[in-house]
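Notes to accompany the following structure.
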Amino acid sequence: MPFMALKIRKMSSNHIPVTKSTLKNKFSLWTLAAALMLMSCGSPASEQNWVGTWATSPQLVEPHNMPPEPGLTNNTLRQIVRVSIGGDSLRVKFSNEFSNSPVTLQEVRIAVSKGGSTIDASTDQQLTFNQSPEATIAAGSTLLSDPIAFNLQARMDLAITIYFGKTPEEVTGHPGSRTTSFIAEGNKSSDPQLPQAAEADRWYVINGIDVKSPETAGAVAILGNSITDGRGSGTNQQNRWPDVLAERLINNPGTQKVAVLNHGIGGNCVLKACLGPAAIDRFERDVLNQQGVKWLILLIGVNDLGQTPDSAAAHLVADQLIDAYKLMIEKAHNKDIKVYGATILPFGESFYYASFREPARQKINDWIRNSGHFDAVIDFDQGMQNPFNPGSLMPDLHTGDFLHPNELGYKAMGAYIDLSLFK
């Protein structure tokens with residue numbers, strides 16, 4: 001496997017162990033007893049951190065991706081997500097970032113999904129917001145639920161059910177969910193099934209889930225476009241390449257507490273707003289402000305390059321992308337986040353291919369491999385290229401458009417990554 005370890009950054013820790021002598025000298029017998037009780041129950045609260053276990057990148061939902069009838073206002077929406085790592089308590093984040101008016105959540109519940117719209121009723125719990133079951137999210141804002149105890153298992157499917165009040169005309173969501181959501185009339189938030197629900201392969205309003213984890217746990221954020229978002233993966237199959245990576249991390253003894261946060265947006269660009277905000281603009285929201293991120297994979301730039309009209313523009317965009325990568329690397333390193341550069345996949349024979357764009361792609365990939373700015377390189381270009389035509393993807397690994405991997409291609413990408421990067 002081609003792999004280049006460029007440098008190693010030491011992660012800092014501010015945890016100071018409490019010794020018996022410290023307890024004897026500084027605390028009363030009552031405090032000592034309480035401390036011993038904490039020790040007997042496991043890690044003290046100070047050794048627990050919030051870590052993102054699932055996330056998606058919100059954007060303004062386009063007209064053709066809006067919720068189908070009966071719509072969200074005064075109705076119930078049940079959405080399914082698959083987490084990465086588990087834990088014994090969680091909290092959920094909601095977003096109204098791109099909407100023009102407030103959205104009211106009249107009731108929100110979370111339960112284990114049993115497939116389709118069916119939940120395991122024995123696990124069903126109500127979420128609260130500042131101890132209230134109802135909340136309003138202002139336009140342009142986000143909202144975090146109160147923590148709840150929940151027996152969350154790694155790679156578990158969860159159903160998040162929202163009974164809405166008033167909702168805005170412009171909806172914040174994530175159209176590329178590749179996961180079916182269910183909309184039922186009225187308040188059906190506690191119903192174990194929604195048999196008459198309308199269906200949509202979209203997510204709306206939900207933004208992320210954090211889990212309480214040991215301080216040794218951490219998350220890898222992946223910043224990308226449709227290839228990370230999963231175009232070409234199976235609907236409800238949870239087999240995007242970040243899913244394949246998450247499964248491998250969970251099943252590997254040395255990385256079982258490494259979460260994966262998929263921040264891919266289909267049609268997304270780095271330098272300008274294409275679909276969703278430009279990656280350079282959403283970087284703080286989707287990487288730096290996520291909980292527990294220790295690693296970042298950058299796989300983005302093909303949409304910027306694919307829209308260039310001539311050779312001069314292609315090479316200018318290549319230089320601008322490199323500058324953007326440098327800026328993101330610097331910001332991430334300032335927060336002790338290791339950054340792994342993923343090379344841009346071949347797109348020969350696709351609708352993006354032009355003879356003047358290929359040298360620009362090679363220029364970017366050469367910089368990713370050899371500049372020394374990244375902590376390591378994940379060379380998807382080399383791993384996915386057709387050995388008889390290196391400018392194109394292997395014929396059995398794409399959807400037919402020579403740009404997006406298929407399910408077998410995503411499996412190959414997820415399997416290609418060296419798990420030792422995350423120890």
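Counting begins at 1 with the first residue of the sequence. The figures that follow rest on heavy atoms only: side chains count, while hydrogens, waters and symmetry mates do not.
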> Hey, mind stepping through Lys166 and Ser101 against side-chain contact (heavy atoms from CB on, under 4.5 Å) and telling me if it holds?
Replying inline: CA-CA 10 Å; Lys166 188 175 181 179; Ser101 59; 5.8 Å; no
> Taking it one step at a time, do Glu284 and Lys331 satisfy salt bridge (charged side-chain N to carboxylate O under 4.0 Å, His left out)?
Replying inline: CA-CA 9 Å; Glu284 183 173 350; Lys331 288 183 175 181; 5.8 Å; no
> For Gln291 and Val51, what are the C-alpha separation, side-chain angles and deciding distance, and is it a side-chain contact (heavy atoms from CB on, under 4.5 Å)?
Replying inline: CA-CA 5 Å; Gln291 294 294 312; Val51 175; 5.5 Å; no
> Given the rule in the side-chain contact (heavy atoms from CB on, under 4.5 Å) test, do Met384 and Met413 qualify, once you have shown the distances and angles that lead to the verdict?
Replying inline: CA-CA 8 Å; Met384 296 288 285; Met413 290 178 69; 3.7 Å; yes
> Passes side-chain contact (heavy atoms from CB on, under 4.5 Å), Tyr340 versus Trp295? Steps please.
Replying inline: CA-CA 8 Å; Tyr340 303 148; Trp295 305 274; 3.3 Å; yes
>> Using the rule given for side-chain hydrogen bond (donor to acceptor under 3.5 Å, both in side chains), can you reason through Arg240 versus Gln238, listing the C-alpha separation, both sets of side-chain angles and the distance that settles it, and then say yes or no?
In response: CA-CA 6 Å; Arg240 316 161 189 84; Gln238 312 291 348; 3.0 Å; yes
> Can Asp157 and Lys114 be said to form a salt bridge (charged side-chain N to carboxylate O under 4.0 Å, His left out), step by step?
Replying inline: CA-CA 8 Å; Asp157 288 343; Lys114 295 182 70 175; over 6 Å; no
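Remark: the Ser99 side chain and the Asn96 side chain contain an N/O donor-acceptor pair separated by less than 3.5 Å. Counting only N and O atoms by type, the side chains of Arg231 and Ser226 include no donor and acceptor under 3.5 Å apart. For the 3.5 Å distance criterion, the side chains of Glu107 and Gln126 qualify, holding a donor opposite an acceptor. Side chains of Asp418 and Ser420: a donor on one and an acceptor on the other come within 3.5 Å. For the residue pair Asn303 and Tyr352, a side-chain donor N or O sits within less than 3.5 Å of a side-chain acceptor on the partner. Judged purely by distance below 3.5 Å, without hydrogens or angles, the side chains of His263 and Thr228 never pair a donor atom with an acceptor atom. Looking only at atom types and distance, the side chain of Asn65 has a donor-acceptor partner in the side chain of Glu62 under 3.5 Å away. With 3.5 Å as the limit, one finds no donor-acceptor pair spanning the side chains of Asn386 and Ser392. Between the side chains of Glu407 and Asn239, at least one donor-acceptor pair of N or O atoms lies under 3.5 Å. Under the 3.5 Å distance criterion, with hydrogens and angles disregarded, a donor-acceptor pair is assigned to the side chains of Asn268 and Arg282.
The CG atom of Asp304 sits 11.0 Å away from atom CG of Leu316, with the distance rounded to the nearest 0.5 Å. Here Ser89 contributes atom OG and Gln48 contributes atom CD; the two are 7.5 Å apart, rounded to the nearest 0.5 Å. Residue Phe164 holds its CZ atom at 6.0 Å from CG of Leu105, rounded to the nearest 0.5 Å. Going from atom CD1 of Ile110 over to atom CD of Gln125 covers 8.5 Å, rounded to the nearest 0.5 Å. Here the CZ-CG distance, from Arg361 to Leu305, works out to 9.0 Å after rounding to the nearest 0.5 Å. With rounding to the nearest 0.5 Å, the separation of CD1 in Ile183 from CD in Glu69 is 9.0 Å.
Thr56 contributes no side-chain N or O that, together with a main-chain N or O of His174, makes up a donor-acceptor pair within less than 3.5 Å. Remark: the backbone N or O of Val205 is not paired with any side-chain donor or acceptor of Thr172 at under 3.5 angstrom. Judged purely by atom type and a 3.5 angstrom limit, Ser350 uses its side chain to pair as donor or acceptor with the backbone of Phe347. A donor-acceptor distance shorter than 3.5 angstrom exists from the side chain of Arg357 to the backbone of Thr308, with no hydrogens or angles considered. Judged by distance alone, the side chain of Asn225 and the main-chain N or O of Gly266 form no donor-acceptor pair under 3.5 Å. Between the side chain of Lys294 and the backbone N or O of Ala217 there is at least one donor-acceptor pair closer than 3.5 Å. Judged by distance alone, with hydrogens and angles left aside, the side-chain atoms of Asn365 form a donor-acceptor pair with the main-chain N or O of Ile344 at under 3.5 Å. Between the side chain of Thr343 and the main chain of Asp381, a donor-acceptor pair closer than 3.5 Å is present. Side chain of Tyr416 to main chain of Asp379: a donor-acceptor pair is present (N/O by atom type, distance under 3.5 Å, no hydrogens or angles). Proximity of a side-chain donor or acceptor of Ser189 to a complementary backbone N or O of Thr161 within less than 3.5 Å is not detected.
Scanning for ring-ring contact (aromatic ring centres under 6.0 Å, His included) contacts around Phe150 gives an empty result, with sequence neighbours left out. For Phe182, there are no ring-ring contact (aromatic ring centres under 6.0 Å, His included) partners at least two apart in sequence or on another chain. Partners of Trp50 according to the ring-ring contact (aromatic ring centres under 6.0 Å, His included) rule, which considers only residues two or more places apart in sequence or in another chain, do not exist here.
A 6.0 Å sphere centred on NZ of Lys363 holds more than 12 heavy atoms belonging to other residues, nucleotides or ligands. More than 12 heavy atoms of other residues, nucleotides or ligands shown are found within 6.0 angstrom of NZ on Lys326. More than 12 heavy atoms of other residues, nucleotides or ligands shown are found within 6.0 angstrom of CD on Gln256. Within 6.0 Å of CZ on Phe388 lie no more than 12 heavy atoms contributed by other residues, nucleotides or ligands.
Residues Asn252 and Lys423 have side chains in contact (heavy-atom distance under 4.5 Å, counting atoms from C-beta outward). Two residues are said to be in side-chain contact when any heavy atoms from C-beta on lie closer than 4.5 Å; Ser113 and Leu158 fail this criterion. At least one side-chain heavy atom of His333 sits under 4.5 Å from a side-chain heavy atom of Asp375. Counting only heavy atoms from C-beta outward, the side chains of Asn406 and His398 never approach each other to under 4.5 Å.
Among the candidates Leu127, Thr142, Leu144, the single residue satisfying the side chain to side chain contact (heavy atoms under 4.5 Å, CB included) test with Phe94 is Leu127.
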Please output the side-chain donor-acceptor pairs of residues 191-201 that fall under 3.5 Å, not counting sequence neighbours, one pair per line with the distance.
| from | atom 1 | to | atom 2 | distance (Å) |
| --- | --- | --- | --- | --- |
| Gln193 | NE2 | Thr118 | OG1 | 3.1 |
| Asp201 | OD1 | Thr180 | OG1 | 2.7 |

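Here the shortest heavy-atom pairing between Val211 and Gly87 reads CG2-CA, 3.4 Å. Nearest heavy-atom pair across Ala415 and Val244 is N-CG1, 4.1 Å.
Between Asp88 and Lys212 there is no salt bridge, since none of the side-chain N atoms of the basic residue sits less than 4.0 Å from a carboxylate O of the acidic one.
With ring centers used as reference points, Phe380 lies under 6.0 Å from Trp241.
Judged as a disulfide bond (SG atoms under 2.5 Å apart), not a single pair has a partner in residues 74-133 (not counting sequence neighbours). Residue pairs that meet the disulfide bond (SG atoms under 2.5 Å apart) test with at least one member in residues 48-146, sequence neighbours left out, do not exist here.
Note on ring orientation: taking the six-membered ring where Trp is involved, the planes of Trp54 and Trp203 are perpendicular (angle over 60°, cut-offs 30° and 60°).
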